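Notes follow the structure.
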Amino acid sequence: MQTATLRPPAGEAPATVAPLAVALDDIAISFAIPGRPVFKAVAPTSLHVKEGEFVAIVGPTGCGKSTLLNATAGLLKPAGGRVTIFGEPLAGLNAKAGYLFQQDALMPWKTALDNVAIALEIGGVRRADALAQAQDWLRRVGLARFVDRYPHELSGGQRKRVGLAQVLVRGPKILLMDEPFGPLDAQTRQIMGTLLLNLWAQDRKAVLFVTHDLEEAIALSDRVVIMSAGPEARIIGDFPIDLARPRDTADIRLDPRFHELYREIWNQLKAEVVKTYGEDAP
Ligand SMILES: Nc1ncnc2c1ncn2[C@@H]1O[C@H](COP(=O)(O)OP(=O)(O)OP(=O)(O)O)[C@@H](O)[C@H]1O
């Protein structure tokens, strides 16, 4: 594993710098479409995420946000560039990452408890241990009283909580989230955002969070990166979010600094969104 060392001040031992959780370097991603020229979705672009850092990716629809996440998960092999995870080149699936999608991935014939436990059992954990850990995670996401419910007996927000427990129970060091709260109403999204931040504060994972919602991105993140309109999309903006933590994702939207950040980032994002919809877009 490669680690960097910083030159220390005279008389001090060199400090070892932890490897980045995720390093995408000059990543290019293309899709072969039968009978058509190769579609170059993502142009060579780079993104670095430190251990414990929360980074949101925003950009116009179809620009390549999910594609970048899929490359980080090892579900897609880039046509060019390097994906490095905690200092090691990624080969195959990213075993250090947990992936939460917009759509529920719950099995309708299993209870909430079994849906979470199965995530461990398929990895070889004994059923009794898996159930105990699943129970604990369902409590941590606020579902202690709902462990015996089937997915159709839960609300959309509750199903999301089960999905979160299902991913977190496996202890990933990296969390990849693709519009995870997309289908939920605005209030439930904010509640889920605050829950996510509370869990993250207890055990800071590197998070890559894709969203269309710039307010959500600012409320949650340490950094918001912007992708340009595709094809050949790339990262064109990287904004540090200097809002204090802990944050309540509803209250933080009232902070004057939140509004300044929103204006600054939207100025750049708007130009890309307009490109996607054409010059006549409202
Ligand atoms: N398997 C595929 N084959 C061909 N083209 C693809 C494939 N997957 C994605 N694309 C194209 O790559 C581009 C990026 O897609 P992607 O899903 O990453 O965008 P996105 O930014 O996540 O979009 P949205 O915000 O609408 O979810 C799009 O133009 C899409 O049509």
Side-chain angles (χ1 to χ4, degrees), residues 22 24-47 49 54-83 90 92-94 97-105 156 160 163 167 174-186 189 192-193 196 206-221 223-239 262 265-266 268-279 281-282:
V22 176
L24 307 179
D25 287 298
D26 301 319
I27 290 295
I29 301 166
S30 299
F31 294 104
I33 304 172
R36 300 249 196 112
V38 166
F39 181 74
K40 294 182 179 175
V42 177
T45 199
S46 299
L47 176 64
V49 183
F54 199 127
V55 176
I57 306 178
V58 293
T61 182
C63 68
K65 303 180 291 295
S66 304
T67 300
L68 268 195
L69 236 53
N70 287 338
T72 310
L75 296 169
L76 259 182
K77 192 167 162 42
R82 297 173 306 287
V83 181
L90 181 63
L93 283 181
N94 184 347
Y99 209 149
L100 195 66
F101 299 93
Q102 182 168 359
Q103 298 306 326
D104 293 333
K160 273 292 159 215
V167 171
I174 301 167
L175 209 47
L176 304 175
M177 308 185 84
D178 195 351
E179 290 270 355
F181 309 142
L184 305 175
D185 65 83
R189 283 175 80 121
M192 289 302 297
L196 174 64
V207 183
L208 260 178
F209 188 102
V210 164
T211 177
H212 280 104
D213 181 345
L214 180 54
E215 289 195 20
E216 181 176 58
I218 297 171
L220 294 174
S221 313
R223 275 162 63 208
V224 173
V225 299
I226 296 190
M227 284 187 84
S228 62
E232 301 198 57
R234 60 198 172 82
I235 289 166
I236 53 163
D238 194 332
F239 296 83
Y262 186 93
I265 303 172
W266 175 243
Q268 190 175 21
L269 178 58
K270 184 179 174 187
E272 300 306 312
V273 171
V274 168
K275 279 182 209 161
T276 299
Y277 289 104
E279 299 305 323

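Since the model is a prediction, treat every value here as computed from it, not as a measurement. Ligands are counted one by one from 1 in listed order, and the atoms in each one are counted from 1 as well. Any value given below was found using the heavy atoms of this structure, including those in side chains, with hydrogens, waters and symmetry copies removed.
- Distance from atom 10 (N) of ligand 1 to its nearest protein heavy atom, with residue and atom name: F31 CE1, 3.4 Å.
- In this structure, the separation between CG on L214 and NZ on K270 is 13.0 Å, given to the nearest 0.5 Å.
- The shortest N or O to N or O distance between C63 and ligand 1 is under 3.5 Å.
- In this structure E272 satisfies the salt bridge (Lys or Arg N to Asp or Glu O under 4.0 Å) test together with K275, sequence neighbours excluded.
- Distance check, rounded to the nearest 0.5 Å: OG1 of T72 to CG of L90 gives 8.5 Å.
- The protein atom (non-hydrogen) at minimum distance from atom 25 (O) of ligand 1 is K65 NZ, 2.7 Å.
- Nearest protein heavy-atom neighbour of atom 16 (P) of ligand 1: T67 OG1, 3.5 Å.
- Taking distance alone, with nitrogen or oxygen atoms compared against 3.5 Å, G62 approaches ligand 1 more closely than that limit.
- For atom 18 (O) of ligand 1, the protein comes within 4.0 Å by at least one heavy atom.
- Looking only at heavy atoms of the protein, atom 11 (C) of ligand 1 is closest to F39 CE2, 3.8 Å.
- Between F209 and F54, the ring planes are tilted. Angles from 30° to 60° get that label.
- Of all protein heavy atoms, the one closest to atom 26 (O) of ligand 1 is T61 OG1, 2.5 Å.
- For R234, the salt bridge (Lys or Arg N to Asp or Glu O under 4.0 Å) test picks out no residue, with sequence neighbours left out.
- Among the atoms of G64, some N or O lies under 3.5 angstrom from an N or O of ligand 1.
- For E179, no heavy-atom contact with ligand 1 is shorter than 4.0 Å.
- Among S66, A233, P60, A32, the residue whose heavy atom lies nearest to atom 27 (O) of ligand 1 is S66.
- When atom types are taken as modelled, the side chain of K160 and the backbone of Q102 share a donor-acceptor pair closer than 3.5 angstrom.
- Nearest heavy atoms, L220 versus G193: CD2-O, 3.6 Å.
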